[in-house]
Protein chains: 2
Amino acid sequence: MNPEDRREAIIAATLAVMQRQGIAATTVRDVAAELGASSGLIHHYMASMDELIAEAFGRAAGADLLATRALVEQGQNPLEQLRFFFDSYTRSDGDSGMQLWLDAWAEAARRPELRQISQLLNQEWQQLICGIIEGGVRAGVMNCTDPAAAAWRILSLLDGLHLQEVAHGDSVTGHQVTKWSRHGAEIELGLDPGTLTNSSQGNPLARA
Amino acid sequence: MNPEDRREAIIAATLAVMQRQGIAATTVRDVAAELGASSGLIHHYMASMDELIAEAFGRAAGADLLATRALVEQGQNPLEQLRFFFDSYTRSDGDSGMQLWLDAWAEAARRPELRQISQLLNQEWQQLICGIIEGGVRAGVMNCTDPAAAAWRILSLLDGLHLQEVAHGDSVTGHQVTKWSRHGAEIELGLDPGTLTNSSQGNPLARA
DNA sequence: GTGATTATTGGACATTTGCGCAATAGCGTC
DNA sequence: GACGCTATTGCGCAAATGTCCAATAATCAC
């Protein structure tokens with residue numbers, strides 16, 4: 001098998017195991033079994049377990065970011081971009097993606113390579129939001145004196161709400177995450193209530 | 001040693017290890033060493049590692065909640081109560097308490113006993129905030145149509161910002177968490193900017 | 001075909017983990 | 001002072017884990 005493809009296959013298998021068992025419980029042997037290969041092969045391509053985990057997490061989380069960014073760029077104006085952002089963000093972690101983030105944040109303290117990629121990706125998420133806000137302020141449709149801080153707040157609010165949903169199940173429901181996070185952003189940016197809801201209109205990815 | 005005291009001592013030692021190393025990296029032997037006793041003793045008092053961890057986490061997190069609640073109750077009016085809340089909340093996890101919460105949220109998916117206590121405590125945190133807001137609305141000093149949702153937003157915003165600080169270190173600083181979370185609450189509740197800052201005035205726990 | 005290079009195997013190794021258990025020490029009771 | 005109960009010890013066990021390595025299989029250049 002082509003070394004490059006093999007490496008990709010290992011990362012894909014690692015990701016599958018991570019989503020099933022969580023980052024902390026992902027072992028080399030499990031990855032090997034998922035791949036249908038021996039454990040030694042994994043170390044032939046990866047220097048350490050940390051690298052393997054960081055790589056797999058970065059691949060998955062990076063794909064989500066890319067997808068959201070691509071959708072946002074299709075927005076015709078800042079308001080539509082923000083709507084698309086919420087559509088895509090709430091979709092990207094519907095299954096087990098958010099549990100992965102929870103694991104990553106907790107494990108970051110003990111896995112340097114994972115912390116690095118996690119921090120980088122979070123900053124890029126914040127910058128994506130920040131760019132939308134700056135555009136909205138420039139266009140005069142959003143009211144915000146500190147876009148960077150507002151972007152961190154919107155991102156943190158989303159993460160904090162999702163966290164409750166994923167960790168505890170029925171304290172906060174997925175529907176409430178959607179509703180409350182959008183409402184929080186409306187308040188934050190001085191938008192009329194409801195501006196960010198009913199967002200599927202005009203969304204190229206919306207289901208029919 | 002009195003069995004009840006011994007049990008408390010074990011929980012205290014477990015907590016110390018947990019705060020130093022994180023929940024996932026806490027082992028029976030470490031707890032025994034911290035306690036200055038043998039590993040067998042821990043199992044004489046605790047049925048399993050899960051029980052030990054859930055007990056210790058619940059004790060620590062519960063104490064933080066109690067302390068904050070006690071301080072809030074000393075506030076003379078809703079605004080002061082909210083100020084005291086932010087003072088106490090940002091203090092309670094200054095050291096390593098927040099890493100504990102990160103571990104707990106991540107581990108909740110796989111440790112039922114831990115999830116139960118974590119969910120309960122989070123709901124109580126939310127209710128504490130919700131009570132303050134309801135008082136503020138009644139007194140006419142806060143503007144909020146859905147106190148329960150606003151409370152979840154304020155709590156989630158705090159958690160999300162703290163999360164960035166603890167997991168990534170220099171993306172978001174402790175000072176920014178303090179500033180941004182209070183500003184977020186001001187926006188959320190229709191307060192004048194700055195209402196929630198300079199909160200140490202009149203705070204009985206403020207350092208001189 | 002032959003040799004060299006490399007992908008791949010499968011298991012050894014040292015370490016760590018939760019847990020159990022037989023032995024011991026301590027202490028109160030009669 | 002002897003007995004009994006229990007707190008406490010310290011080690012052992014089985015399982016799991018990351019890492020490494022010698023042996024093997026596959027592939028390709030010549």
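So you know, we letter chains A, B, ... as the sequences are listed, proteins then strands, and number each from 1.
- In this structure, B:Leu155 and B:Asn122 approach most closely via the heavy-atom pair CD2-O, 3.7 Å.
- Nucleotides of DNA chain D with any atom under 4.0 Å from a heavy atom of chain B span, from 5' to 3', D:dA7 to D:dG12.
- Each salt bridge (Lys or Arg N to Asp or Glu O under 4.0 Å) pair with one or both residues in residues 112-130 of chain B, not counting sequence neighbours, appears once here: B:Arg69-B:Glu124.
- Around atom CD of B:Gln116, no more than 12 heavy atoms belonging to other residues, nucleotides or ligands sit under 6.0 Å away.
- Side-chain polar atoms of B:Gln164 and B:Ser171 form no donor-acceptor pair below 3.5 angstrom.
- A:Arg153 and B:His183 are linked by a side-chain donor-acceptor pair at a separation below 3.5 angstrom, with hydrogens and angles left out of the test.
- Computed from coordinates, the B:His44 NE2 to C:dG26 C1' distance equals 13 Å when rounded to whole Å.
- Taking both residues in full, the closest heavy atoms of B:Glu80 and B:Gln74 are given as OE1-O, 4.3 Å, listed atom of the first, atom of the second, then distance.
- For A:Glu8, the salt bridge (Lys or Arg N to Asp or Glu O under 4.0 Å) partners at least two apart in sequence or on another chain are A:Arg59.
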For this session: Verify side-chain hydrogen bond (donor to acceptor under 3.5 Å, both in side chains) between A:Gln99 and A:Asp103, making sure each step is shown before the conclusion.
Result: CA-CA 6 Å; A:Gln99 178 67 49; A:Asp103 289 345; 3.2 Å; yes

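- Here C:dT6 presents its P atom at 12 Å from OH of A:Tyr45, a figure rounded to the nearest Å.
- For the contact set between residues 35-43 of chain B and DNA chain D, defined by any heavy atom under 4.0 Å, the members are B:Ala37, B:Ser38, B:Ser39, B:Gly40, B:Leu41.
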Under 3.5 Å donor-acceptor pairs involving side-chain atoms of residues 19-37 of chain B, not counting sequence neighbours:
| unit_1 | atom_1 | unit_2 | atom_2 | d |
| --- | --- | --- | --- | --- |
| B:Arg20 | NH2 | B:Glu34 | OE1 | 2.4 |
| B:Thr26 | OG1 | B:Gly22 | O | 2.8 |
| B:Thr27 | OG1 | B:Asp30 | N | 3.1 |
| B:Thr27 | OG1 | B:Asp30 | OD2 | 3.1 |

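- Near DNA chain D, meaning a heavy atom under 4.0 Å away, the residues from residues 14-30 of chain A are A:Thr26, A:Thr27, A:Val28, A:Arg29.
- Shown here for B:Tyr89 and B:Asp159, the closest heavy-atom pair between the two residues is OH-OD1, 2.6 Å.
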